[in-house]
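Every number for a ligand or one of its atoms is a count from 1 in the order of the listing.
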Amino acid sequence: MILEVLNEQLKKVLDKLNYQAEEIKIIKSNRPDLCDYQYDGIFKLASVYHQSPIEIGIKIEEELKKIDNFNNYFDKVEFVKPGFLNINISNKLINDILIYMNNNEKLGLKQPEKKETYFLDYGGPNIAKPLHVGHMRSAIVGESVKRIIDYMGHKTISDVHLGDFGLQIGQVIYGIIKYNKNINEIDLDFLDKIYPEISLLSKQDEQIKEQCANITKDLQDGNDTYIKYWKKICEISGNDIKRIYKYLDVNFDLWYGESDAYKYILEVEKIIESQNLFEISQNAKIIDIKEKTDTKELPPLIFQKSNKAYLYGTTDIATIYQRMNDYNPDHILYFADARQSLHFTQVFRACKKSNISKNVNLEFLGFGTVNGLDGKPYKTRSGDAPKLDDLFNEVKEIFISKKESNKEMLNSDIDKIVNAILKFADLQNNREKDYIFDIAKFSEVVGKTGPYILYTYLRINKMVLNENVENISQNIYNNYDRELRKKMIEFDLSLNNAFKEKAPSIIAEYIYDLCVLLNTFYQNNHINGLNNDLNKTDWIYILKLSTKVLKEMFNLLMIDVPTKM
Ligand code: ARG
């Protein structure tokens with residue numbers, strides 16, 4: 001909101017001076033020691049209007065100083081050579097915006113002129129295989145981006161897109177037959193053991209590998225017995241997956257899987273066929289997806305293997321077809337390991353080429369690997385297939401062992417803290433980068449951690465919980481106070497950037513910065529020692545609003561606040 005207010009004032013002045021700028025964009029100052037905000041557009045105007053930047057800058061400064069109610073907006077505007085306009089905003093403007101935030105829903109965030117539909121594909125766990133850390137990343141990054149988009153006022157639909165029809169199912173069914181299991185004997189323990197066992201056997205024995213592939217193919221073709229097993233496997237494993245996502249507070253509107261795409265494959269095949277886009281190579285049906293501007297050779301998408309089986313790429317194309325028919329979104333976003341980048345390039349290009357994706361914006365948001373202290377993909381202490389449950393338990397244990405009094409905490413509070421540790425550790429990183437998951441470090445109450453931000457919130461909240469202040473004066477009392485208030489009114493800048501970049505890390509950064517400012521404010525202003533002076537009531541209002549801002553931002557990262565710490 002702050003930038004819109006400033007841009008509007010500047011626009012009036014530029015209009016008056018007959019300067020037409022393509023875009024008026026005041027930005028946060030990159031020299032905060034000199035000013036709050038700055039305008040860098042003067043050079044551009046100078047080249048368009050063939051005037052010197054100094055001449056233009058001085059005129060803008062003079063005219064700005066003449067606007068009505070200058071002091072409602074500005075404390076100081078100053079042109080500085082060679083072509084910058086430095087802006088300090090007035091305390092009144094800061095406080096007006098704070099009041100507006102406090103009195104409006106979503107902190108007064110502006111809603112979009114055009115509401116768009118975003119379809120988000122994240123989570124992507126595989127039935128019958130244990131969920132690993134990568135699936136957690138996809139789930140929490142995806143869910144967080146969904147919440148950010150929702151908060152911005154757009155429509156979202158999320159789909160977990162289960163891997164429920166691939167080779168691993170054939171392997172598990174092979175195991176069921178091998179051990180002569182009755183359908184009622186299939187349970188989670190069995191699934192946990194059988195997949196790794198048969199998967200290993202398939203690697204060692206060509207024949208078993210082929211049998212598993214054949215079972216998978218027969219299942220996809222609708223073999224009754226296999227379908228019965230498959231349903232049972234999906235039920236058991238699916239419930240376990242739901243339990244884990246519930247623990248993480250990750251929610252999906254749709255629980256579709258790869259299997260749901262099968263009924264569209266023939267239609268899609270016809271559409272592609274009718275445009276002569278298939279080629280046959282070694283008996284497989286492929287689509288060439290090369291483009292002229294490619295700098296390296298991209299392999300074709302394999303639509304159907306020589307044994308007539310369909311593949312990961314096929315189901316993804318059919319799924320896009322289904323999503324376009326059912327929801328006609330403006331965007332489809334995919335959250336998966338960055339190593340799947342080629343796969344998505346192939347799928348997107350094949351869909352564009354055949355016009356299956358129509359005008360939708362298809363976007364792959366790849367993420368890096370979660371590494372352990374040794375810099376290699378993260379493993380829990382218990383072994384090499386790190387299950388998420390083990391990870392949750394490990395974090396829990398480490399957090400509890402940090403302090404004697406942690407042992408007495410409510411279980412539900414500990415779960416919230418475990419969630420905050422995991423999510424804040426993950427979401428503060430640039431999505432594309434690998435990061436090192438250091439549980440001991442991320443469980444500390446100091447540093448850029450989940451416990452730190454929760455602790456800050458609880459400390460402030462405790463102070464203002466039972467207070468009720470209706471309004472504030474126009475004062476700001478010192479620099480700690482001003483920096484805090486300024487950060488608060490800038491929440492929408494972070495939100496807009498996080499939305500634009502699809503980057504929860506920007507929200508995490510904002511939360512952390514706000515917490516640091518809150519703590520310095522608190523250490524330097526001894527609010528408890530004050531009587532009911534004006535500054536005390538003003539500060540209570542501000543602090544109470546800060547807890548509101550934090551809470552909304554926590555929610556975007558699925559971080560819930562424990563009752564105490
Ligand atoms: N199941 C896949 C995996 O475990 C992720 C699915 C991602 N989504 C998609 N539409 N391909 O790697």
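Residue Lys110 qualifies as open at atom NZ: its count of foreign heavy atoms under 6.0 Å is 12 or below.
Every atom of ligand 1 with a heavy atom of Gln340 under 4.0 Å away is listed here by number and element: 3 (C), 12 (O). Residue Tyr334 has at least one heavy-atom neighbour below 4.0 Å for each of these atoms of ligand 1: 10 (N).
Heavy atoms of Phe344 come nearer than 4.0 angstrom to ligand 1 in at least one pair.
The single protein non-hydrogen atom nearest to atom 7 (C) of ligand 1 is Tyr312 OH, 3.5 Å, given as residue, atom name and distance.
With a 4.0 Å cut-off on non-hydrogen atoms, Asp316 touches ligand 1 through its side chain and not its backbone.
Taking the six-membered ring where the residue is Trp, Tyr312 and Phe344 present perpendicular rings, their angle passing 60° and hence far from 30°.
A donor atom on one side chain and an acceptor atom on the other are found under 3.5 Å apart for Asp316 and His343.
Looking at Phe335 next to ligand 1, no N or O pair under 3.5 Å apart turns up.
Nearest approach of Ile398 to Ala440, heavy atoms of both residues: CG2-CA, 4.2 Å. Closest non-hydrogen pair, Ser144 versus Leu556, comes out as OG-O, 2.9 Å.
Proximity of Leu365 to Val145: side-chain heavy atoms (C-beta onward) are nowhere separated by under 4.5 Å.
Residue Asn126 holds the heavy atom nearest to atom 1 (N) of ligand 1 of all those in Val160, Asn126, Asp121.
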